[in-house]
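This is a predicted model, so every value here is computed, not measured. Every chain is numbered from 1, with letters handed out A, B, ... down the list of sequences.
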Amino acid sequence: MDWRQTLLAWYLAHRRDLPWRRDPDPYRVWLAEVMLQQTRVSQMLPYFERFLVRFPTLADLAQADLNAVLQVWVGLGYYGRARNLHRTAQQLAVEGWPQDYPGWRKLPGVGDYTGRAVASVLLGLPLGAVDGNIRRVYSRFFAQPVVTQVLADQQVDPKAPGDFNQALMDLGATVCIPRQPKCPACPLQPWCQAYQQGRVTEFPPRKPKPPVPERVFLVLVAQTEDGLWVRQRPAQGLLGGLWELPNCVVQEPIQAKTDYEGLVPRVWQATVKHQYTHFHANFQVWQGTLAPRVQQQCSAIDWVDLDQHPFSKGFQRVLAAVRTKLT
DNA sequence: AAAACGGGGAT
DNA sequence: ATCCCAGTTTT
């Protein structure tokens with residue numbers, strides 16, 4: 001019995017019951033793979049179900065408004081994925097689904113991993129996908145610190161590449177987990193080099209973590225008879241296309257009645273801390289007023305209409321902190 | 001090669 | 001507080 005057959009047998013018995021596996025079609029598999037980029041299955045599942053209720057087919061997504069797509073995506077993070085998904089849907093609605101790996105790989109938001117995963121599952125192509133789970137499994141299996149794409153393409157079972165890739169992912173997610181791996185339950189234990197050497201937790205090696213800086217923001221709660229002033233972020237970059245309260249980075253302690261890039265704070269309200277990938281945000285929330293040139297970039301809305309605008313989690317927390325005192 | 005890009009759950 | 005998740009794109 002070779003280890004690939006053993007792995008596939010384990011997969012048939014233990015695979016996770018995931019919605020896009022029950023009835024695989026390109027739209028659902030593609031959507032699932034994009035949603036799962038740097039995102040756990042447990043976090044992604046409710047978004048997947050909600051997304052399909054709102055946009056049941058590729059045509060529905062292609063015809064949708066980008067704001068509606070972002071609204072469903074809020075909380076899932078990496079919003080460039082939603083923008084790429086929407087743009088790609090409009091392209092695919094015209095051209096149809098890619099029929100080979102290069103065709104998939106060209107799509108915006110589809111990289112080496114996603115292209116191989118989708119092409120192996122949907123087209124049965126013998127391509128070895130390498131995600132975080134598979135990287136860890138192979139690193140231990142071969143007791144080597146670096147796992148290359150070439151290795152994965154060599155190891156994939158050409159008879160069942162889709163199941164093979166998904167089997168390794170499930171093994172990594174449920175058995176060969178980062179800390180305290182469940183080696184006694186692992187079907188690959190007889191072949192695992194790190195296990196034979198008693199060095200399982202040495203692989204894969206930890207990467208040094210760059211220090212994360214903190215940025216202090218002045219966030220303004222500006223209310224007039226027209227309502228609360230909010231604005232939409234630029235389409236590209238951090239939280240692209242999402243809505244926010246007027247804010248700016250500050251280098252020094254905030255003083256009332258001072259103009260910070262057109263934001264004039266008057267009364268301090270709250271401190272809200274929020275962690276992003278490459279910096280920690282310290283939101284200093286003040287009630288205050290806006291210079292006319294800033295007000296031009298904003299729109300005033302009623303508090304009850306906040307739900308109609310996709311706010312990032314950070315600003316949702318800011319709003320939650322002040323809405324009881326200011327409404 | 002390194003940085004940008006979210007958020008949450010487990011330890 | 002740290003790790004890390006079915007990674008991709010830009011610099």
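- In this structure, A:R40 has no salt bridge (charged side-chain N to carboxylate O under 4.0 Å, His left out) partners at least two apart in sequence or on a different chain.
- The nearest whole Å value for the distance from the NZ atom in A:K209 to the C1' atom in B:dA2 is 18 Å.
- Between the side chain of A:T6 and the main chain of A:R4, no donor-acceptor pair closer than 3.5 Å is present.
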N/O donor to acceptor pairs below 3.5 angstrom from side-chain atoms of residues 270-278 of chain A, sequence neighbours left out:
{"unit_1": "A:T271", "atom_1": "OG1", "unit_2": "A:Q284", "atom_2": "OE1", "d": "3.2"}
{"unit_1": "A:T271", "atom_1": "OG1", "unit_2": "A:Q284", "atom_2": "NE2", "d": "3.3"}
{"unit_1": "A:H274", "atom_1": "ND1", "unit_2": "A:R317", "atom_2": "NH1", "d": "3.1"}

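- Remark: P of C:dC5 and CG of A:L168 are 15 Å apart, rounded to the nearest angstrom.
- Looking at residues 127-155 of chain A, you'll see A:D131, A:G132, A:N133, A:R136 sit with a heavy atom under 4.0 Å from some atom of DNA chain C.
- Separating the CG atom of A:L171 from the C1' atom of C:dA6 is a distance of 14 Å, rounded to the nearest angstrom.
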Output a table of donor-acceptor pairs, distance under 3.5 Å, between side-chain atoms of residues 294-303 of chain A and any protein atom two or more places apart or on a different chain; print 'none' if there are none.
{"unit_1": "A:D302", "atom_1": "OD1", "unit_2": "A:V304", "atom_2": "N", "d": "3.1"}
{"unit_1": "A:W303", "atom_1": "NE1", "unit_2": "A:Q223", "atom_2": "OE1", "d": "2.7"}

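- Pairs of residues two or more places apart, or lying in two chains, that qualify as salt bridge (Lys or Arg N to Asp or Glu O under 4.0 Å) and include a residue from residues 239-256 of chain A are A:R231-A:E244, A:R233-A:E244.
- Here the side chain of A:R266 pairs no donor or acceptor atom with the backbone of A:T289 at under 3.5 angstrom.
- The phosphate of B:dC5 has OP1 or OP2 within less than 4.0 Å of a side-chain N or O from A:H278.
- Counting non-hydrogen atoms under 4.0 angstrom, A:R16 reaches a base of the nucleic acid.
- On the P atoms, B:dA4 is 24 Å away from C:dA6, given to the nearest whole Å.
- For residues 41-60 of chain A, there are no salt bridge (Lys or Arg N to Asp or Glu O under 4.0 Å) pairs, not counting sequence neighbours.
- At a threshold of 4.0 angstrom between heavy atoms, the contacts of A:W73 with the nucleic acid are absent.
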Can you give me every donor-acceptor pair (side chain of residues 173-184 of chain A, partner residue at least two apart or in another chain, under 3.5 Å) with its distance?
{"unit_1": "A:T174", "atom_1": "OG1", "unit_2": "A:D170", "atom_2": "O", "d": "2.7"}

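- Atom P of nucleotide C:dC3 and atom CZ of A:F203 are separated by 19 Å, given to the nearest angstrom.
- Shown here are the salt bridge (charged side-chain N to carboxylate O under 4.0 Å, His left out) partners of A:R15, two or more places apart in sequence or in another chain: there are none.
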Using the 3.5 Å cut-off, write out each protein N or O paired with an N or O of nucleotides 7-11 of chain B and the distance between them.
{"unit_1": "B:dG7", "atom_1": "OP1", "unit_2": "A:Y79", "atom_2": "OH", "d": "3.1"}
{"unit_1": "B:dG7", "atom_1": "OP1", "unit_2": "A:K313", "atom_2": "N", "d": "3.1"}
{"unit_1": "B:dG7", "atom_1": "OP2", "unit_2": "A:H274", "atom_2": "NE2", "d": "2.9"}
{"unit_1": "B:dG7", "atom_1": "N2", "unit_2": "A:Q43", "atom_2": "OE1", "d": "3.4"}
{"unit_1": "B:dG8", "atom_1": "N2", "unit_2": "A:R40", "atom_2": "NE", "d": "3.2"}
{"unit_1": "B:dG8", "atom_1": "N2", "unit_2": "A:R40", "atom_2": "NH2", "d": "3.3"}

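- Comparing the P positions of B:dG8 and C:dT9 gives a spacing of 24 Å, expressed to the nearest Å.
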Distance-only donor-acceptor pairs under 3.5 Å for side chains of residues 87-96 of chain A, two or more places apart:
{"unit_1": "A:R87", "atom_1": "NH2", "unit_2": "A:N84", "atom_2": "OD1", "d": "3.1"}
{"unit_1": "A:T88", "atom_1": "OG1", "unit_2": "A:N84", "atom_2": "O", "d": "2.6"}
{"unit_1": "A:Q90", "atom_1": "NE2", "unit_2": "A:A62", "atom_2": "O", "d": "3.3"}

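- Residue pairs satisfying the salt bridge (Lys or Arg N to Asp or Glu O under 4.0 Å) criterion with at least one member in residues 104-126 of chain A, sequence neighbours excluded, are listed as follows: A:R105-A:D112, A:R116-A:D153.
- Nucleic acid contact class of A:L18 (heavy atoms, under 4.0 Å, all strands): base.
- Atom-to-atom, NZ of A:K207 to P of C:dT2 comes out at 18 Å; the value is rounded to the nearest Å.
- Among the heavy atoms of the strands lying under 4.0 Å from A:D112 are primed sugar atoms or P, OP1, OP2 only; no base atom is included.
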Filtered N/O pairs between nucleotides 9-11 of chain C and protein, under 3.5 Å:
{"unit_1": "C:dT9", "atom_1": "OP1", "unit_2": "A:G109", "atom_2": "N", "d": "2.4"}

